[in-house]
Student: 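One structure, as structure tokens, below. Some questions next.
Protein chains get the first letters and strands the later ones, always in sequence-line order, with residue 1 at the start of each. All heavy atoms count here, side chains included; hydrogens, waters and symmetry mates do not. Note that the coordinates shown come from a computational prediction; the quantities given were computed from them, not determined experimentally.
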Amino acid sequence: MSTTVTITMQERRYFERIHQVVEQVPRGQVSTYGDIALIVGGGCDARIVGLAMGDLGPRSAQIPWQRIINRSGGISTLEAVGQRERLKAEGVEFDEKGRVLLERFRWAGPTPEWAAQHGFTPLPARSASKDEEDKSQLRLF
DNA sequence: CGTATGACCATGC
DNA sequence: GGCATGGCCATAC
């Protein structure tokens, strides 16, 4: 009997995949809503990642939602204090203004192997220094 | 099916 | 860097 599972892949085509990616963020590192959206791809948006995090419910105990922060390194949740404490306990450091030091603790994204294997998009490489990156791109003027 | 909302982000000032 | 706007797309009513 082939009880084909008629899984509702359509309904939350993003939520499921978002959760899957967030699970990959290692302890002691953080990622941003936008980065997760890029990895999921297929038109996924940063706000959808936020929605998916809010939709975790009981699963919040399994999925490291605390490692997802906003582009500025700030915490967007209502329980910002608790989230910051969790991250501190993992070794994540903050600056004087209470923002995560993204340059040091930002997750580089999944390995190309894992990404290809599960149908995700790896994150583009980021230079440690923005200036050097700009310099490497010759402005032909 | 239109409207409002959201754990966002890029842009312009 | 901070503040205000517009845009983005899925959900809830």
Student: Can you tell me which residue pairs pass the salt bridge (charged side-chain N to carboxylate O under 4.0 Å, His left out) test with a partner in residues 65-75 of chain A, sequence neighbours excluded?
Tutor: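 Listed by first then second residue: A:Arg67-A:Glu90.
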
Student: Does a side-chain heavy-atom distance below 4.5 Å link A:Arg106 with A:Asp35?
Tutor: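 The answer is yes, as the side chains (C-beta and beyond) meet within the 4.5 Å cut-off.
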
Student: Using a 6.0 Å cut-off, check whether atom CD of A:Glu79 has over 12 heavy atoms from anything other than its own residue.
Tutor: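 Open.
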
Student: Looking at A:Arg47, does any N or O in its side chain come under 4.0 Å of the phosphate oxygens OP1/OP2 on B:dC9?
Tutor: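 The answer is no; no side-chain N or O of A:Arg47 sits under 4.0 Å from OP1 or OP2.
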
Student: Would you mind reading off the distance between A:Leu78 atom CG and B:dT5 atom P, rounded to a whole angstrom?
Tutor: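 The answer, rounded to whole Å, is 16 Å.
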
Student: Could you state the CD-P distance from A:Gln66 to B:dA7, rounded to the nearest angstrom?
Tutor: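 Result: 17 Å.
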
Student: Whether A:Arg99 contacts C:dG1 is assessed here as follows: a side-chain N or O lying under 4.0 Å from the phosphate OP1 or OP2. Is that the case?
Tutor: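 A:Arg99 to C:dG1 OP1/OP2: side-chain N or O found under 4.0 Å.
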
Student: Report the C-alpha separation of A:Ile48 and A:Phe15 in whole Å, then their side-chain angles, then the decisive distance to 0.1 Å, and conclude whether the side-chain contact (heavy atoms from CB on, under 4.5 Å) test is met.
Tutor: CA-CA 8 Å; A:Ile48 303 177; A:Phe15 281 25; 4.1 Å; yes

Student: What is the distance, rounded to the nearest whole Å, between atom CG of A:Asn70 and atom C1' of B:dA10?
Tutor: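 Result: 14 Å.
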
Student: From NZ of A:Lys97 over to P of C:dC3, roughly how many Å is that when rounded to an integer?
Tutor: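 My rounded result for the distance is 12 Å.
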
Student: Can you check whether any acceptor in the base of C:dA10 is under 3.5 Å from a donor in the side chain of A:Tyr14, or vice versa?
Tutor: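 It does not, because no donor-acceptor pair links the side chain of A:Tyr14 to the base of C:dA10 below 3.5 Å.
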
Student: Can you tell if the side chain of A:Ile18 reaches within under 4.5 Å of the side chain of A:Leu51, non-hydrogen atoms only?
Tutor: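 No, their side chains stay 4.5 Å or more apart.
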
Student: If you assign each of A:Ile48 and A:Ser72 to its closest nucleotide in DNA chain B, which residue comes earlier from the 5' end?
Tutor: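 Whichever sits nearer the 5' end wins; that is A:Ile48.
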
Student: Rounded off to whole Å, could you give me the CG-to-C1' distance for the A:Asp55 and C:dA12 pair?
Tutor: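 Result: 12 Å.
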
Student: Go through residues 24-31 of chain A and report each residue with a non-hydrogen atom lying under 4.0 Å from DNA chain B, sorted by number.
Tutor: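 Going residue by residue through residues 24-31 of chain A, none turns out to have a heavy atom under 4.0 Å of DNA chain B.
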
Student: Which part of the nucleic acid does A:Gly54 contact within heavy-atom distance under 4.0 Å: base, sugar-phosphate only, or nothing?
Tutor: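 The answer is base, as A:Gly54 lies within the cut-off (heavy atoms under 4.0 Å) of a base atom.
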
Student: Could you check how far CD1 of A:Ile18 sits from P of B:dG6, rounded to whole Å?
Tutor: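 The distance from CD1 of A:Ile18 to P of B:dG6 comes to 18 Å, rounded to the nearest Å.
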
Student: Using a cut-off of 4.0 Å on non-hydrogen atoms, how would the nucleic acid contact of A:Ser76 be classed: base, sugar-phosphate, or nothing?
Tutor: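 Counting heavy atoms under 4.0 Å across all strands, the contact made by A:Ser76 is with sugar-phosphate only.
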
Student: Quick one: are A:Phe105 and A:Ile69 in side-chain contact, heavy atoms under 4.5 Å?
Tutor: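 Answer no - side chains too far apart.
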
Student: A:Arg71 has an atom CZ; how far is it from atom C1' of B:dG6, in whole Å?
Tutor: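 Going from A:Arg71 (CZ) to B:dG6 (C1'), I get 20 Å.
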
Student: Going by heavy atoms in the side chains, are A:Thr121 and A:Leu38 under 4.5 Å from each other?
Tutor: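 Heavy-atom side-chain distance check fails, nothing below 4.5 Å.
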
Student: By a strict heavy-atom criterion of less than 4.0 Å, which residues belonging to residues 36-46 of chain A are in contact with DNA chain C?
Tutor: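 When residues 36-46 of chain A is checked for heavy atoms under 4.0 Å from DNA chain C, the hits, listed by number, are A:Gly43, A:Asp45.
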
Student: Given B:dC9, B:dA7, C:dA10, which nucleotide is nearest the side-chain atoms of A:Trp65?
Tutor: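 The listed nucleotide nearest to A:Trp65's side chain is B:dA7.
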
Student: Rounded to the nearest Å, what distance is computed from the CG atom of residue A:Leu51 to the P atom of nucleotide B:dA4?
Tutor: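 Taking atom P of B:dA4 as the reference, CG of A:Leu51 is at 18 Å.
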
Student: With A:Thr77, which of A:Arg84, A:Gln83, A:Met53 fulfils side-chain contact (heavy atoms from CB on, under 4.5 Å)?
Tutor: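 Considering A:Arg84, A:Gln83, A:Met53, a side-chain contact (heavy atoms from CB on, under 4.5 Å) with A:Thr77 is found only for A:Gln83.
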
Student: About how many Å separate CD1 of A:Ile39 and CH2 of A:Trp114, when rounded to the nearest 0.5 Å?
Tutor: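 Reported to 0.5 Å precision, the distance equals 8.0 Å.
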
Student: Would the distance check show the side chain of A:Tyr14 and the main-chain N or O of A:Gly42 forming a donor-acceptor pair, the cut-off being under 3.5 Å?
Tutor: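 Checked: pair present.
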
